[in-house]
**Q** 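Here it is, the structure, as structure tokens.
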Amino acid sequence: MNLHEYQSKEILSRYGVAIQRGLIANTTEEAVAAAKTLSEQTGTGWWVIKAQIHAGGRGKGGGVKLAKSLDEVQSRSNDIIGMQLITPQTGPEGKKVHHVLVAEDVYYPGASETKEFYVSVLLDRSTGKNTIMYSTEGGMDIEEVAHNTPHLIFKEEIDPLVGLQPFQARKIAFNLGVSGDAFKNMVKFVHSLYNAYTDIDAALFEINPVLKTSDDKIIAVDAKVNLDENALYRHKDLAALRDLKEEDPTEVEAGQFNLNYVKLDGNVGCMVNGAGLAMATMDIIKLSGGEPANFLDVGGTASAETVKNAFHIILKDPNVKAILINIFGGIVRCDRVANGVVEAYQSIGDIPIPIIVRLQGTNAVEAKKIIDDSGLNVHSAITLQEAADLVRQVLH
Amino acid sequence: MSVLVGKNSKVIVQGFTGSEGTFHASQMIEYGTNVVGGVTPGKGGSTHLDRPVFNTVSEAVQKTGADVSIIFVPPAFAADAIMESADAGIKVIVCITEGIPTKDMIYAKEYLQGKDVRLIGPNCPGVMTPGGAKVGIMPGFIFTPGRIGVVSKSGTLTYEAVDQLTKLGFGQSTAIGIGGDPIIGTSTKEAVELLMNDPDTDGIVMIGEIGGGMEAEAAHWIKENGTKPVVGFIAGQTAPPGRRMGHAGAIVGGSDDTAEAKMRIMAECGIHVVSSPAEIGKKMAEVLGK
């Protein structure tokens, strides 16, 4: 589960991670009031207005602006609140901005130069251990850094039983080239960050940039936090931070039906039991000359109710020109699934696009007969290849 | 013979009396698996499915000589169940449970280090040695005893491959569902290695999906050590980056864990890669020249 920048920072701050401070605002008026309050609290003379959406690259799309006066706070926040923000991560349609973070200016001049770093915490799947990944090249797209200058990316693996050790935090600070107070602050920053990561069951922390200010503080200027959804049952307070406005409404609705659905851009919808087979079904749609319109795993039970809900979700997408239902009946019997499909079809009424139903496993032959005898605009198949051929046929 | 489980395995079921445990334990018994008992804390001393129920795994091991356990307990307690089994001296732990928090699995995996135990899963369909033992939730009727080993991350896609093999006359030695989570006990490479060393396996089907580097690791191992033909498929060629496709582990993070990259590496390492999941069985027949 993704969090907003302001939510992420609030959590980090609770664990002693120094952050660029800020206040959230839903309107232009609130933004101006926030700017005044923030100046009283922090002494900042300038402000940064930051769009809060679940996507990176906000600066590139015009979602992050510096304001040097309260008038500018007003005009900049007025520009950003309500805008359709397009970034490299949002897709061409962009995302609507509902609120902004009014943040203090942390790039003020001082005794030393400011410097940006990159620090993330994540699971290394090859070792099954958490790893701190960091780089001297902060403020940039880390994929680009990894590609162009891989020697500037460092990794520190954490032993799960003893956790992050002081020598490791020191090594990180030395490798990042900080000294004096900045060194001490970096060690504390890394420790607090890792504690927060394990304590809240995070799946990813990405702090980019981590800033060394001109007075040697080390602070998180941006923060991306992703939580392990399987662990949310023990973090009710964090589960409540979910922002449904940031998610695809159809995906949210599918979730309420216990369907695992991801919307894609193609023209053939699919409904499958099991995640691996669902991905394989998307692949076979492509190989048959179509493009998958979605990923949809109906899970272990494919009852009439499930099939009906899945139809409802898939048919919301106007680009869908055909639907492929692919169920491998192992424990669940195919004839029951076939009856479920017919029942769901009839209860929805006339479905204006061709449906291909491939049922394999227990009672597959009986199931095919049920589909064939139903008189509906439904094509039946038993093998995966037959299903693929039918997809090709209905698309041409 | 087979790997991991067989006719001589003595199997206990953790979460025996729950609805999932009850249903699948009955199916396993019906298939002929030697289920010697089960564990449900607090219900020790009772009988379920005509078999004894114990409070702890160690008691179950002591009284029955069990060497294999299968776990159906809810996600919040599953990592604990894995560690309990390992502590009790179980040799093969099959964890079916889906949705275990990653942090719990990091600890559990670390706990197993250095112990003489193999974990399969979690979030997997289990292990099947046709005609010997079913320790999982796979539908028994699609399998037939034979000499092809199957390694896969997912359930129904495994059934698809097995069904194709069976219908073309290729029985299976053992099918291993390794699971679709970011942290699993046995990697693709380790499962392939088991089958490569099994004298009763002639060919291997290796099914992977997007996310992680396990298939590439297995492919490199096969290139150096392989003695039997391997047919491979990677699900998720059409999955967009950054979106999780059902399995917690099925997400394209970088350029190395796309289906395309994995298939390329596998082909370079001498694996017979198919781009269509409908051609897994056919390809094996072709490769074995039958």
Side-chain angles (χ1 to χ4, degrees), chain A residues 89 122-123 125-126 128-130 143 146-147 159-161 198 201-203 228-234 260 262-266 272-288 291-292 295-297 300 326-332 360-362 383-388, chain B residues 23-24 27 75-76 98-107 109-110 137-139 141-142 152-160 163-164 167 180 182-184 207 209-214 217 233 235-240 242-250 254-255 259 275-279:
Chain A
Q89 293 181 16
L122 72 167
L123 174 73
R125 288 168 59 163
S126 63
K129 290 172 183 167
N130 288 322
E143 293 260 325
H147 185 259
D159 184 318
L161 299 185
T198 53
D201 276 288
D228 178 2
E229 288 177 28
N230 290 339
L232 282 177
Y233 72 88
R234 55 190 177 206
N260 202 331
V262 177
K263 189 177 170 337
L264 303 170
D265 298 327
V272 190
N273 64 335
L277 189 60
M279 282 186 272
T281 304
M282 287 158 48
D283 295 343
I284 212 158
I285 287 171
K286 171 96 173 179
L287 291 167
S288 307
E291 288 286 342
F295 165 95
L296 197 162
D297 175 8
N326 185 13
I327 305 286
F328 198 104
I331 306 298
V332 42
Q360 175 66 287
T362 319
T383 70
L384 198 49
Q385 191 56 54
E386 284 165 8
Chain B
F23 177 74
H24 290 292
Q27 298 268 319
E98 177 178 2
I100 304 176
T102 300
K103 186 162 74 179
D104 297 7
M105 273 313 299
I106 292 176
Y107 289 135
K109 184 154 182 165
E110 192 63 23
I137 59 173
M138 299 149 164
F141 71 94
I142 59 169
S152 169
K153 276 181 177 172
S154 81
T156 45
L157 187 53
T158 310
Y159 312 161
E160 177 65 48
D163 190 59
Q164 288 177 23
K167 290 195 169 134
I183 295 186
I184 52 177
I207 300 171
E209 58 193 36
I210 52 164
M214 287 204 313
E217 184 202 21
F233 173 73
Q237 298 162 52
T238 50
R243 299 303 309 269
R244 200 180 87 179
M245 297 286 128
H247 287 156
S255 51
S275 54
S276 165
E279 287 171 1

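Residue numbers start from 1 in every chain, and the chains themselves are labelled A, B, ... in the order their sequence lines are given, proteins ahead of strands.
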**Q** Provide the closest heavy-atom pair for A:A280 versus B:A235 in the form atom of the first, atom of the second, distance.
**A** N-CB, 4.0 Å
**Q** A:D283 and B:G236: which non-hydrogen atoms are nearest, and at how many Å?
**A** OD2-N, 2.8 Å
**Q** If you count heavy-atom pairs under 4.5 Å with chain A, which of B:G246, B:G242, B:P139, B:A250 comes out on top?
**A** B:G246
**Q** Could you look at B:E110 and say if it's the side chain, the backbone, both or neither that has a heavy atom under 4.5 Å from chain A?
**A** side chain
**Q** What part of B:I137 is in contact with chain A, defined as an atom under 4.5 angstrom from a non-hydrogen atom: side chain, backbone, both or neither?
**A** backbone
**Q** So which of A:K129, A:R234, A:Q385, A:E229 has the biggest tally of heavy-atom pairs under 4.5 Å with chain B?
**A** A:R234
**Q** Might you work through the side-chain contact (heavy atoms from CB on, under 4.5 Å) test for B:Q237 and A:M279, ending with a clear yes or no?
**A** CA-CA 8 Å; B:Q237 298 162 52; A:M279 282 186 272; over 6 Å; no
**Q** Taking all heavy atoms of B:G211 and all of B:K153, pick out the closest pair and write down the distance.
**A** O-NZ, 3.5 Å
**Q** Would you mind telling me which of B:S152, B:G249, B:A239 has the largest number of heavy-atom pairs within less than 4.5 Å of chain A?
**A** B:G249
**Q** At a heavy-atom separation under 4.5 Å, does B:I207 approach chain A through its side chain, its backbone, both, or neither?
**A** neither
**Q** Heavy-atom pairs under 4.5 Å with chain A are the metric here; pick the option from B:T156, B:I106, B:I183, B:D104 that has the most.
**A** B:T156
**Q** With chain B as the partner, which of A:T281, A:L287, A:L232, A:L264 has the greatest number of non-hydrogen pairs under 4.5 Å?
**A** A:L287
**Q** To the nearest 0.5 Å, how far apart are CG in A:D297 and CG in A:L277?
**A** 9.0 Å
**Q** Can you tell me if CG on A:D159 sees more than 12 non-hydrogen neighbours from other groups inside 6.0 Å?
**A** yes
**Q** Could you pull out the closest heavy-atom pair between A:N130 and A:L123, with the gap in Å?
**A** OD1-CA, 3.8 Å
**Q** Measure distances from A:A388 to the heavy atoms of chain B and classify the residue's part below 4.5 Å as side chain, backbone, both or neither.
**A** neither
**Q** Output the option from B:K109, B:E217, B:E209, B:R243 having the highest count of non-hydrogen pairs under 4.5 Å with chain A.
**A** B:R243
**Q** Using non-hydrogen atoms only, which part of A:P160 is less than 4.5 Å away from chain B: side chain, backbone, both, or neither?
**A** both
**Q** Partners of A:E143 by salt bridge (Lys or Arg N to Asp or Glu O under 4.0 Å), sequence neighbours excluded?
**A** none
**Q** What part of A:N230 gets closer than 4.5 Å to chain B, counting heavy atoms only: side chain, backbone, both or neither?
**A** both
**Q** Using heavy-atom distances under 4.5 Å, tell me whether B:S275 contacts chain A through its side chain, its backbone, both, or neither.
**A** both
**Q** Heavy-atom pairs under 4.5 Å with chain B are the metric here; pick the option from A:G329, A:G128, A:A278, A:G274 that has the most.
**A** A:G128
**Q** Nearest 0.5 Å, please: how far is CD1 in B:I210 from CE in B:M245?
**A** 6.0 Å
**Q** Relative to chain A, which segment of B:F141 carries a heavy atom at a distance below 4.5 Å: side chain, backbone, both, or neither?
**A** side chain
**Q** Excluding sequence neighbours, so at least two apart, what forms ring-ring contact (aromatic ring centres under 6.0 Å, His included) with B:H247?
**A** none
**Q** Using non-hydrogen atoms and a 4.5 Å limit, figure out which bit of B:A76 sits close to chain A: side chain, backbone, both or neither.
**A** both
**Q** On a heavy-atom basis, which atom in B:K103 and which in A:D228 lie closest, and how many Å separate them?
**A** N-OD2, 4.5 Å
**Q** Give, as side chain, backbone, both or neither, the part of B:E98 having an atom under 4.5 angstrom from any heavy atom of chain A.
**A** neither
**Q** Heavy-atom cut-off 4.5 Å, strictly under: side chain, backbone, both or neither for B:S154 against chain A?
**A** side chain
**Q** Non-hydrogen atoms of chain B under 4.5 Å away: do they reach the side chain of A:T362, the backbone, both or neither?
**A** both
**Q** Quick check: does any side chain N or O of B:E279 sit under 3.5 Å from a backbone N or O of B:S276, one acting as donor and the other as acceptor?
**A** no
